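Some notes on the structure that comes next.
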Protein chains: 2
Amino acid sequence: MHTIGTLARRTGTKVQTIRYYEQIGLMPEPGRTEGGQRRYGDVDLDRLAFIRHSRQLGFPLEAIRELLDLSDHPARDCGAADSIARRQLREVETRIARLQALRSELERMIGECRGGTASECRVLEVLRDHSECLADDHDAID
Amino acid sequence: MHTIGTLARRTGTKVQTIRYYEQIGLMPEPGRTEGGQRRYGDVDLDRLAFIRHSRQLGFPLEAIRELLDLSDHPARDCGAADSIARRQLREVETRIARLQALRSELERMIGECRGGTASECRVLEVLRDHSECLADDHDAID
DNA sequence: CTTGAACCTATAGTTGCTGTAGCTCCTATC
DNA sequence: GATAGGAGCTACAGCAACTATAGGTTCAAG
Ligand SMILES: [Zn+2]
Ligand SMILES: [Zn+2]
Ligand SMILES: [Zn+2]
Ligand SMILES: [Zn+2]
């Protein structure tokens, strides 16, 4: 039996985060001591580790919910798991592409600035006027 | 004189977002009609465009606040603007590196799965056990 | 003068936590 | 058995940067 603090330490999670996962139904309601403190089993530890590892790979909680559900039903087809992972990969790829575009714009505007006053600053000029950019769009924010 | 809707349309911003910027002091309180509706001038349009463009380049609102302040004081030294931009560039580079690491892990786990049941799924196995990963850490989440 | 699109305020919800206040409990030491 | 203090408890506020909704008012065209 583990306390919530032990689970936290063993998985690198904050205690409040574990309670939050319980609140949103990602972690089960564990047993309690007479005094009302949570006590977890090894199954819970594994589940939390699964959640945390999935988060580290960038999966949103809703995706993790589905992945846990599949993991809880070993006889089901894994197609759903794979498609969630592929969706996540596409998401990551999109974000990389967008960030790479931002990186070049930032590099360029920083590289062009020769210092001096704010009125001469290329950084500020570019921010004022998107037509100074090479990209014709930097669509989605974040 | 422009309505809030015109500003929104011309800068690709939601009306509520403009009011939000006013609330947090990024946009000034504009004049109002007799009936209480906001009316903006061209200066306001430029300012909003500056904010939006900066957001598209990923600058957080607090950084934009400083950039606007510099832009409002043309005689100041532009060093601060440049260092904000360099900080943003470093941030973007960090995120790219992290996402590239995630991309390889995702590609690998997807590539290894041969289908079948959830119990045989490599995707789920990797999520259950980080030692299946090549990276020994995927530290920061998001 | 009427209609309806656009405006107004205020508040709650989003995602995934994190921090705080003000308690109570558990356990080690004496 | 008493006590101290680390760990646990609930409940709620806050973060970033919006977005959405409800329920009302104003503006401008016809
Ligand atoms: Zn400069
Ligand atoms: Zn641009
Ligand atoms: Zn699979
Ligand atoms: Zn891993």
Side-chain angles (χ1 to χ4, degrees), chain A residues 1-27 29-40 44 48 50-68 88 91 95 98 138-142, chain B residues 1-27 29-40 44 48 50-68 87-88 91-92 95 98 138-142:
Chain A
M1 283 302 178
H2 317 288
T3 65
I4 197 170
T6 307
L7 242 70
R9 208 164 0 86
R10 301 260 299 259
T11 60
T13 313
K14 295 252 155 83
V15 166
Q16 298 103 301
T17 304
I18 300 174
R19 292 198 279 246
Y20 169 70
Y21 288 158
E22 179 183 327
Q23 203 181 303
I24 63 169
L26 263 193
M27 285 293 285
E29 290 186 24
R32 301 268 186 155
T33 61
E34 294 274 299
Q37 299 195 352
R38 290 169 179 81
R39 289 296 121 97
Y40 294 95
D44 302 311
L48 183 54
F50 185 108
I51 295 172
R52 287 270 99 190
H53 194 211
S54 304
R55 284 294 296 132
Q56 288 178 328
L57 289 165
F59 288 93
L61 293 179
E62 279 319 299
I64 296 173
R65 206 185 285 279
E66 295 177 56
L67 290 166
L68 280 166
Q88 174 63 12
E91 176 67 30
R95 284 162 69 177
R98 205 183 100 69
H138 343 256
D139 38 46
I141 294 177
D142 284 283
Chain B
M1 285 302 178
H2 317 288
T3 64
I4 197 170
T6 307
L7 242 70
R9 208 165 359 86
R10 303 259 297 260
T11 60
T13 313
K14 296 251 157 79
V15 165
Q16 299 103 300
T17 304
I18 300 174
R19 291 198 280 246
Y20 168 71
Y21 288 158
E22 180 183 328
Q23 204 180 303
I24 62 169
L26 261 194
M27 285 292 285
E29 290 186 24
R32 301 269 185 152
T33 61
E34 293 274 298
Q37 298 196 354
R38 291 167 179 83
R39 287 299 122 92
Y40 294 95
D44 302 311
L48 182 55
F50 185 107
I51 295 171
R52 285 270 101 190
H53 194 212
S54 304
R55 284 295 296 131
Q56 286 177 330
L57 290 164
F59 288 93
L61 293 180
E62 280 318 298
I64 296 173
R65 206 185 284 279
E66 297 178 55
L67 291 166
L68 279 167
R87 195 202 312 151
Q88 175 63 11
E91 175 67 31
V92 167
R95 284 162 68 177
R98 206 182 99 70
H138 340 259
D139 37 45
I141 293 175
D142 284 283

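Just so you know, these numbers come straight off a predicted model, no measurement behind them.
Nucleotide dG16(C) holds its P atom 12 Å from the CD1 atom of I51(A), rounded to whole Å. Atom pair I18(A):CD1 and dT18(C):C1' shows a separation of 14 Å (rounding to whole Å applied). In this structure, I24(B) places its CD1 atom 16 Å from P of dG14(D), rounding to the nearest Å. Distance H2(B) NE2 to dC27(D) P: 18 Å, rounded to the nearest Å. In this structure, CD of Q23(B) is placed 14 Å from P of dA16(D), rounded to the nearest angstrom. Taking atom NZ on K14(A) and atom P on dT20(C), their separation rounds to 11 Å, with Å as the unit. Distance, M27(B) CE to dA17(D) P: 17 Å, rounded to whole Å. Remark: C1' of dG8(D) and CD of Q37(A) are 4 Å apart, rounded to the nearest angstrom.
The nucleotide whose nearest atom lies closest to any side-chain atom of L61(B) is, among dT9(C), dC18(D), dC17(C), dC18(D). Closest to the side chain of R19(A), from the set dC7(C), dC9(D), dT9(C), is dC9(D). Candidate nucleotides dC7(C), dC26(C), dC18(D) were compared by shortest atom distance to the side chain of V15(B), and dC7(C) ranks first. Comparing dC18(D), dC17(C), dC8(C) by their nearest atom to the side chain of Y20(A) picks out dC17(C).
Residue T17(A) places none of its side-chain N or O atoms closer than 4.0 Å to OP1 or OP2 of dG16(C). Using a 4.0 Å cut-off, no side-chain N or O of T3(B) falls inside it from OP1 or OP2 of dC27(D). In terms of phosphate contacts, R38(B) brings a side-chain nitrogen or oxygen within less than 4.0 Å of OP1 or OP2 of dC8(C). Listed pair R32(B) / dT9(C) meets the phosphate criterion, a side-chain N or O lying under 4.0 Å from OP1 or OP2. For dA6(C), neither phosphate oxygen OP1 nor OP2 lies less than 4.0 angstrom from any side-chain nitrogen or oxygen of R39(B). Residue Y21(B) has a polar side-chain atom (N or O) positioned under 4.0 Å from OP1 or OP2 of dC18(D). OP1 or OP2 of dC26(C) lies within a sub-4.0 Å distance of a side-chain N or O belonging to T33(A).
Between the Q37(A) side chain and the T3(A) main chain, no donor and acceptor come within less than 3.5 Å of each other. The closest donor-acceptor contact from the side chain of Q88(B) to the backbone of L57(B) lies under 3.5 Å.
Within 4.0 Å (heavy atoms only), I4(B) reaches sugar-phosphate atoms of the nucleic acid but no base atom. F59(A) comes within contact range of no nucleotide atom at all, as no heavy-atom separation falls under 4.0 Å.
Q16(B) contributes a side-chain N or O that forms a donor-acceptor pair with the base of dA20(D) under 3.5 Å.
A pairwise comparison of heavy atoms in I64(B) and F59(B) identifies CD1-O, 3.5 Å as the closest pair.
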Discussion item. Between H2(A) and L48(A), is the side chain to side chain contact (heavy atoms under 4.5 Å, CB included) condition met? List the steps.
Written reply: CA-CA 13 Å; H2(A) 317 288; L48(A) 183 54; over 6 Å; no
Worksheet entry | Stepwise salt bridge (Lys or Arg N to Asp or Glu O under 4.0 Å) check, E62(A) with R65(A) | CA-CA 5 Å; E62(A) 279 319 299; R65(A) 206 185 285 279; 3.2 Å; yes
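You'll find the side chain of R98(A) stays beyond 4.5 Å of the side chain of R95(A), heavy atoms only.
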